[in-house]
J.: 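Sharing a structure, written as structure tokens. Questions coming.
One-based numbering, in listed order, for ligands and for the atoms of each.
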Amino acid sequence: MNDSDELAPAVAAILRSAEARGDPERGPVSVDSRSLPAALADAETDGRVPVIAEVKPTSPTTEGTREEDPVALAEAMVEGGAAALSVLTEPDHFGGSPENLRRIREAVDVPVLRKDFVLREAQLDTVEADVILLIARFVGDDLPDLVAAARERGFQPLVEVHDEAELRAAIDAGAEIVGVNNRDLARLEVDLETFESVAPQAPDDVTLVAESGIATPDDARRMVAAGADGLLVGSAIMDGPISENTRELTRARPDETRTSEETQT
Ligand SMILES: O=C(O)c1ccccc1NCC(=O)[C@H](O)[C@H](O)COP(=O)(O)O
């Protein structure tokens, strides 16, 4: 991957620090993972919008840092109905850590996604998680090998894409869970139309996750209507009361099942 000239400066800096981070000394991990597709489907069966709530203490696009114990934040998300969690392990720009993920995964029983900028195979072994993020744009031609290496360890790879070409690369690499990022990493702008335009090109048997920029119940309904099997939400949940923010999204029922009073609010 060598397109740092086309990336937002904050993203180029994130990649530089991911490249420089040392590799873990332990050998390949072996994970007995909790199924993300099953957890998303169960939430739907229960009448909850399938939200993957993200423990994201800070980020290049948010102000301030949440200083509370990440386990307490994660438990509040589950209490609010989150089907799964995403935990930042990137330390330099998102305030995350592998230790946060380890403690959270021990404390909850929903699937946990490791959110980081994995660039090489050894970085898969930093910490056990149920799902691991691989960003198509950043790993380029290594994607098929990294998908295979993640599966060998027991992870479910979630391959993040931003356009149709990356979606094709993800499918060719064998991805079964695909996240469409509404955030453009070149300009850091968010546009929910990204998911709406890319999702219809995905094969039916792929689990599709809409990522980034989902801030309101209407946004959640919009992404579900466009075909999302899961919604990855960070900032809108982290900004304010965690449990209430999560519940507001997990209870965003589709318009056709809402009363006329509800649709006016
Ligand atoms: O969130 C950022 O500021 C950011 C900046 C640069 C690269 C990646 C970034 N976010 C990573 C993510 O994928 C999001 O944390 C995740 O999709 C949740 O997004 P949101 O709900 O908009 O916080």
J.: Is it the side chain, the backbone, both or neither of Leu188 that has a heavy atom closer than 4.0 Å to ligand 1?
T.: side chain
J.: Give a yes or no on whether a salt bridge exists between Glu121 and Arg153, defined as a side-chain N under 4.0 angstrom from a carboxylate O.
T.: yes
J.: If you measure from atom 7 (C) of ligand 1 to every heavy atom of Asp219, Leu7, Asn182, Leu185, which option wins on shortest distance?
T.: Leu185
J.: Hey, is ligand 1 close enough to Asn181 that some N/O pair sits below 3.5 Å?
T.: no
J.: Could you list which atoms of ligand 1 come closer than 4.0 Å to a heavy atom of Ser59?
T.: 1 (O), 2 (C), 3 (O)
J.: May I ask which of Lys115, Glu211, Glu160 has a heavy atom nearer to atom 12 (C) of ligand 1 than the others do?
T.: Lys115
J.: If we only count heavy atoms from C-beta on, is the Leu73 to Met238 side-chain gap below 4.5 Å?
T.: yes
J.: Does at least one non-hydrogen atom of Met238 fall below 4.0 angstrom from an atom of ligand 1?
T.: no
J.: Which residue and atom name correspond to the protein heavy atom nearest atom 18 (C) of ligand 1, and how close is it?
T.: Glu54 OE2, 3.5 Å
J.: Has the side chain of Asp46 got a donor or acceptor atom that lies under 3.5 Å from a matching backbone atom of Arg48?
T.: no
J.: Sub-3.5 Å donor-acceptor pair from the side chain of Asn182 to the main-chain atoms of Glu211, do we have one?
T.: yes
J.: Work out whether the distance between some heavy atom of Ala236 and some atom of ligand 1 is less than 4.0 Å.
T.: no
J.: For Leu232 and ligand 1, answer yes if some heavy atom of the residue is under 4.0 Å from a ligand atom, otherwise no.
T.: yes
J.: Under the side-chain contact (heavy atoms from CB on, under 4.5 Å) rule, what do Val55 and Ile104 come out as? Steps first, then yes or no, please.
T.: CA-CA 10 Å; Val55 180; Ile104 288 171; 4.1 Å; yes
J.: Please work out, at 4.0 Å between heavy atoms, whether the side chain, the backbone, both, or neither of Leu88 comes within that distance of ligand 1.
T.: neither
J.: Which residue supplies the protein heavy atom nearest to atom 9 (C) of ligand 1, what is that atom called, and how far is it?
T.: Phe94 CZ, 3.6 Å
J.: Less than 4.5 Å apart, any side-chain heavy atom of Leu232 and any of Leu158?
T.: no
J.: State, with a plain yes or no, whether a side-chain heavy atom of Arg151 is found less than 4.5 Å away from one of Gln156.
T.: no
J.: Do Glu152 and Leu124 come within less than 4.5 Å of each other through their side chains, counting heavy atoms only?
T.: no
J.: Can you find a pair of side-chain heavy atoms, one from Pro70 and one from Val87, that are under 4.5 Å apart?
T.: no
J.: Write out the residue and atom name of the closest protein heavy atom to atom 1 (O) of ligand 1, then the distance separating them to 0.1 Å.
T.: Lys56 NZ, 2.8 Å
J.: Checking Ile237 against Met77 for the side-chain contact (heavy atoms from CB on, under 4.5 Å) test, could you report, in this order, the C-alpha distance in whole Å, the side-chain angles of both residues, the deciding distance, and whether it holds?
T.: CA-CA 8 Å; Ile237 289 176; Met77 290 167 177; 3.9 Å; yes
J.: Can you report which non-hydrogen protein atom sits closest to atom 10 (N) of ligand 1, along with the distance?
T.: Arg183 NH1, 3.5 Å
J.: May I ask you to check whether Gly213 has an N/O atom sitting below 3.5 Å from an N/O atom of ligand 1?
T.: yes
J.: Report yes or no: does a heavy atom of Ala10 sit under 4.0 Å from some atom of ligand 1?
T.: no
J.: Among all the protein's non-hydrogen atoms, which is closest to atom 21 (O) of ligand 1, and how far away is it?
T.: Gly234 N, 2.8 Å
J.: Would you list the pairs meeting side-chain hydrogen bond (donor to acceptor under 3.5 Å, both in side chains) in which at least one residue belongs to residues 22-31, sequence neighbours left out?
T.: Asp23-Arg120
J.: Taking the basic N atoms (NZ, or NE/NH1/NH2) and the acidic carboxylate oxygens, is any pair closer than 4.0 Å for Arg105 and Asp130?
T.: yes
J.: I need the atoms of ligand 1 closer than 4.0 Å to a non-hydrogen atom of Pro60, numbered in the order shown.
T.: 3 (O), 5 (C)
J.: Give the numbers and elements of all ligand 1 atoms closer than 4.0 Å to a heavy atom of Thr61.
T.: 1 (O), 2 (C), 3 (O)
J.: Between Ile214 and ligand 1, does any nitrogen or oxygen pair lie at a separation below 3.5 Å?
T.: no
J.: Ion pair present between Arg102 and Glu99, side-chain N to carboxylate O less than 4.0 angstrom?
T.: yes
J.: Could you identify the single nearest non-hydrogen protein atom to atom 17 (O) of ligand 1 and state the distance to 0.1 Å?
T.: Ser212 OG, 2.7 Å
J.: For ligand 1, which atoms, with element, lie under 4.0 Å from some heavy atom of Val233?
T.: 21 (O)
